[in-house]
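Sequence lines set the chain letters: A, B, ... in the order given, protein chains first and strands last, and positions in each chain run from 1.
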Amino acid sequence: MLKRTHYCGNIRSDHVGRAVVVCGWVKSYRDHGNLVFIDLRDRQGLVQLVFDPQTQPEIHKIARDIRCEWVIAAGGRIRRRSEGMENPKMPTGEIELAVDQLEILNKARTPPFEVDDAESVNEELRLTNRYIDLRRPRMQDIIRLRHRTAKLVRDYFDENGFWEIETPMLGKSTPEGARDFLVPSRLYKGAFYALPQSPQLFKQILMVSGVDRYFQIVRCFRDEDPRADRQAEFTQIDVEMSFVDSEDVMKVNEGMVARVFKEILGVEVPLPVRRMSYAESVNDYGIDRPDLRFDMKLKDITDIAAQSSFKVFSSVAEKGGIVKGLCAPQANRFSRSDIEKGLAGFVADYGAKGLAWFKVAPAEAGDRLQLNSSIAKFFTADRQAQIIERFGAKDDDLILLVADTEAVANKALAPLRVKLGADLGLYDEGQFEFVWVVDFPLFEWNEDNKRYDSLHHPFTSPIADDMGKLDTDPGDILSQAYDLVVNGSEIGGGSIRIHDANVQAKVFDLLNISRRQAQQRFGFFLKALEYGAPPHGGIAFGLDRMVMLLVGTDNIRDVIAFPKTQRGQCLLTAAPGDVDQAQLDELNLRVQKHSHQPRTGDE
RNA sequence: GGGGCCGUAGCUCAACUGGUUAGAGCAUCGGACUGUCGAUCCGAAGGUUGAGGGUUCGAGUCCCUUCGGCCUCGCCA
């Protein structure tokens with residue numbers, strides 16, 4: 001077998017005159033009757049091979065039969081292309097390989113889709129034939145970038161004294177949070193392991209163990225419905241530190257993120273990353289992960305709306321709801337139907353019952369601005385002026401308002417703001433705006449179950465000043481949690497943990513987890529806290545989402561080599577699949593009902 | 001669990017209101033061709049219109065069921 005000396009894509013004009021051997025896949029062949037050209041592809045790129053019947057008649061004859069995606073090795077001398085024959089479109093376009101040795105290493109069936117066209121091909125087909133899809137330069141760039149990111153992360157944490165420690169994949173189900181993936185135990189009939197939703201308790205126990213600084217790039221599993229940016233199986237950069245406060249954790253980790261963005265994209269992240277309180281974020285952006293690439297803040301106009309003669313607004317205000325909205329700059333071009341069908345339909349998905357609107361335009365007399373809309377008549381000139389002033393609205397702007405409970409209004413307006421930001425082109429692609437969101441409430445009241453839920457998770461520590469409120473005013477407690485948000489996407493979140501067993505017990509009480517339940521689920525952990533737990537805290541980043549941002553895709557499947565579909569299937573292997581009766585017997589399991597067979601890969 | 005979009009040749013798409021033998025480009029196969037690079041030119045082959053049922057003289061098109069993909073609400077401490 002010919003042994004490779006160079007990658008195709010790495011050859012440059014410095015190699016002219018050099019004898020080389022390249023290996024790869026045939027990207028295309030051009031047979032001119034006389035000369036045959038083959039573009040050979042490997043992970044580094046393409047190089048042009050030339051087969052000349054005058055000098056190498058035997059090899060030329062073989063080359064004529066070669067087809068796309070065949071695997072070949074070719075040896076020969078690199079030569080400069082003659083004048084006018086260079087191809088400036090390819091990095092190797094100044095040179096070519098005059099082949100005098102050729103080996104066909106493997107033939108290939110005609111691929112189910114053309115590698116060059118894969119961008120426009122049905123994703124289903126790409127996933128079923130992932131090995132072909134992954135040959136595409138774009139996909140290899142992403143895979144390489146993901147590798148480099150992971151490497152940078154490891155190097156960074158290593159330099160900062162962190163140890164990478166593996167934690168179990170087969171763990172104990174703790175039925176808080178997301179649905180677990182379960183693994184039946186053979187040795188203990190009727191008992192199950194759970195795949196980790198995160199290594200949360202293990203990393204805290206490592207702090208109790210005196211490890212001091214831990215990180216891990218780790219697979220996590222949550223059996224919930226996937227989304228464009230969510231897979232049931234995903235990868236976390238998991239971090240935990242001892243003897244630290246929030247600032248220490250944020251400092252180390254924003255350093256990691258800044259290093260990654262600098263090295264991968266050349267983007268300078270200004271440090272320290274700005275901080276914003278949860279309250280400010282929800283108030284101005286309607287959500288705890290603000291997209292700061294553009295302004296267009298939400299404004300509450302309940303006070304003005306309450307005095308209007310517009311019944312929808314005044315009655316919402318009376319019932320304790322709010323009237324809140326945003327002012328879309330230069331959005332005058334939206335037609336009434338765009339707004340009342342398109343945008344109102346959009347917010348309806350989030351539970352908003354309606355979307356009121358005003359177009360801002362100069363009044364007929366004078367240079368004042370006024371509001372135009374079917375409901376403008378319910379607002380006196382004064383109130384219109386107040387609204388215009390509240391939003392800082394200008395001529396040709398469009399004001400959009402939702403009147404509802406505060407929760408619904410925010411839930412609808414936040415995505416509307418993001419959508420309009422994109423539709424109106426209010427930011428540049430390639431712009432990154434980082435923010436730490438801090439001062440989260442520790443709990444939120446769960447009206448359905450009449451109890452508190454953790455906003456972050458049950459191991460999050462209250463801020464020191466609020467410890468006393470655990471007994472008196474739990475809803476008012478702030479936590480020591482922090483989320484790192486980029487362009488409206490949460491890429492990481494963490495907290496300083498509770499290291500005092502008594503405080504932890506109190507929190508479980510408030511979450512309506514009984515002592516007995518707490519013992520059952522977390523007993524091992526509570527016990528660990530009693531044996532000298534240091535103050536500690538940490539964070540976890542979604543590696544997949546980080547890579548999505550770095551490569552600029554909104555499809556998480558693009559950054560995972562072998563992803564699953566929205567119904568949790570691997571189209572390449574057809575997992576999940578049936579198992580033998582013998583396997584079930586050994587596990588003491590009986591299947592009650594079969595759903596339809598997942599399909600069996602291709603054919 | 002709910003809502004939306006989609007499924008026609010290997011791939012990407014077309015086929016007006018239901019109406020001849022379901023078309024095109026790319027890929028494939030055969031041939032031609034003296035330097036191409038999305039090669040070009042000539043020719044050929046390629047279809048259970050995702051599956052099943054129904055309405056109709058007649059269904060890719062209408063109706064029902066079902067399978068699958070994507071987006072989304074719920075869900076995701």
Asker: Just grab all the ring-ring contact (aromatic ring centres under 6.0 Å, His included) pairs involving residues 488-515 of chain A, residues at least two apart or on different chains.
Answerer: A:Phe508-A:Phe522

Asker: Can you check the A:Gln200 CD to B:C76 P distance for me, whole Å?
Answerer: 17 Å

Asker: For residues 81-93 of chain A, pull every pair meeting side-chain hydrogen bond (donor to acceptor under 3.5 Å, both in side chains), keeping only residues two or more places apart or in separate chains.
Answerer: none

Asker: Give each protein N/O atom lying under 3.5 Å from an N/O atom of nucleotides 1-10 of chain B, with the pair distance.
Answerer:
unit_1: B:G10; atom_1: O2'; unit_2: A:Pro112; atom_2: O; d: 2.5

Asker: For A:Tyr285, which residues count as a ring pair (Phe, Tyr, Trp, His ring centres under 6.0 Å) partner, sequence neighbours excluded?
Answerer: none

Asker: Any base atoms under 4.0 Å from A:Arg79, or only sugar-phosphate, or nothing? Heavy atoms, all strands.
Answerer: base

Asker: A:Arg567 side chain N/O closer than 4.0 Å to the phosphate oxygens (OP1, OP2) of B:G68?
Answerer: yes

Asker: Have a look at A:Glu86 and say if it touches a base, only the backbone sugar-phosphate, or nothing, with a 4.0 Å heavy-atom cut-off.
Answerer: base

Asker: I'd like to check the salt bridge (charged side-chain N to carboxylate O under 4.0 Å, His left out) partners of A:Asp349; sequence neighbours left out, ordered by chain and number.
Answerer: none

Asker: Could you write nucleotides 38-46 of chain B as a row of B, S and -, 5' to 3', where a protein heavy atom under 4.0 Å of any base atom gives B, of only sugar-phosphate atoms gives S, and otherwise -?
Answerer: SB-------

Asker: Side-chain N or O of A:Gln54 less than 4.0 angstrom from OP1 or OP2 on B:U34?
Answerer: no

Asker: Between B:G74 and A:Lys411, is there an OP1 or OP2 to side-chain N/O distance shorter than 4.0 Å?
Answerer: yes

Asker: Under 4.0 Å from OP1 or OP2 of B:C71: is there any side-chain N or O of A:Gln566 that close?
Answerer: yes

Asker: Can you check whether A:Arg67 has a side-chain N or O nearer than 4.0 Å to OP1 or OP2 of B:C29?
Answerer: yes

Asker: Quick check on B:A27: is either OP1 or OP2 less than 4.0 Å from any side-chain nitrogen or oxygen of A:Thr110?
Answerer: no

